[in-house]
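Working notes, structure below.
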Amino acid sequence: MCGRFTCFLSAELLSQLYRVQVEPGSVPPRYNIAPSQPVLIVRELPDGSRQAAWVHWGLIPSWSKDPSVGGSLINARSETAAEKPSFRSAFRRRRCLIPASGFYEWQKKEGKSKQPWFITSDDGRPLSFAGLWEQWHSPDGSDIETCAILTTSPNERMEPIHHRMPVILAPESFRAWLSPESCPDELQGLLVPFPSERMKCYPVRTLVNRPGNDSPELLIPLKEPDKGEDNQ
DNA sequence: CCAGACGTTGTT
DNA sequence: GTCTGG
DNA sequence: CCAGACGTTGTT
DNA sequence: GTCTGG
């Protein structure tokens, strides 16, 4: 799955990679993005242009009476999102990309203990999560925009750590994912596990657990990045 | 017809 | 144990 | 996802 | 909003 991630990409890099306007200085580095917090997404507008926007992480279906459901809809299963009532309209018309530098997964160990891992690309390039966004009209008249990250089965590398992982798209897939023209089969074809050999995983200190701790210290590895030989 | 659910994760 | 807030 | 709260009364 | 169960 994906319950925490990082994004420390410059506005310039974001602009170039996603072909979108991003104001310099408007995207502070984040090392511990948690559900409910603002997240930068990239979406396509009706006129075909792309837009970067800040939305809350945790999707609130437009018909929901209670916005707190967003708290649990931080992920959407890629296998079923197209049909599920909570996600299908967003899947049809409101797909987005969620730029990230990497993400965290907690591996269950013996007993109740958990080991956090930081997972990133092998070459330092950004990751782009496949996401859905939604709009919710509050009774008080305000609108809240939210998003969820699609998940898929783990690749070989992730398997020992966790049984779900976020859907990560390559730049060649951005257009098809964002375009309203893409058909369901075409979209489904994009929602596959990111290749093992293109990611790097390393265990990190439990500092990640401290809410409000959002500093590069979180990324200090406990040991060298693990290529997958053994990681228990 | 109306009422109530609608989700993911992990855990048991 | 379970819920809420970040 | 994890961390932290989870309650009432009265008093300052 | 839309579907399912009663």
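Every chain is numbered from 1, with letters handed out A, B, ... down the list of sequences. Keep in mind it's a predicted model, so treat the numbers as computed, not measured.
Counting only Watson-Crick and G-U wobble pairs whose two key distances fall under 3.5 Å, DNA chain C forms stems of three or more stacked pairs at C:1-6 with D:1-6.
Under the side chain to side chain contact (heavy atoms under 4.5 Å, CB included) criterion, A:Ser36 pairs with no residue, sequence neighbours left out. Residues passing the side chain to side chain contact (heavy atoms under 4.5 Å, CB included) test with A:Ala11 are A:Val22, sequence neighbours excluded. Legend: residues meeting side chain to side chain contact (heavy atoms under 4.5 Å, CB included) with A:Gln188, ordered by chain and number and at least two apart, are A:Phe91, A:Leu191. In terms of the salt bridge (charged side-chain N to carboxylate O under 4.0 Å, His left out) criterion, A:Arg50 has no residue partners (sequence neighbours excluded). The side chain to side chain contact (heavy atoms under 4.5 Å, CB included) check on A:Val69 picks up A:Ile60, A:Pro61, A:Ser64, with sequence neighbours excluded.
Contacts with DNA chain B (heavy atom under 4.0 Å) in residues 84-98 of chain A: A:Lys84, A:Pro85, A:Ser86, A:Phe87, listed by number.
When the P atom is used for both C:dG1 and B:dT8, the distance is 25 Å, rounded to whole Å.
Across A:Leu219 and A:Tyr202, no two heavy atoms sit closer than the pair O-CE1, 3.2 Å.
Distances shown here put a side-chain N or O of A:Arg164 below 4.0 Å from the OP1 or OP2 atom of B:dT9.
Screening residues 10-20 of chain A for side-chain hydrogen bond (donor to acceptor under 3.5 Å, both in side chains), with sequence neighbours left out, gives A:Tyr18-A:Ser128.
Other residues sharing the hydrophobic cluster of A:Trp63, ordered by chain and number and joined by side-chain separations under 4.5 Å: none, the residue standing alone.
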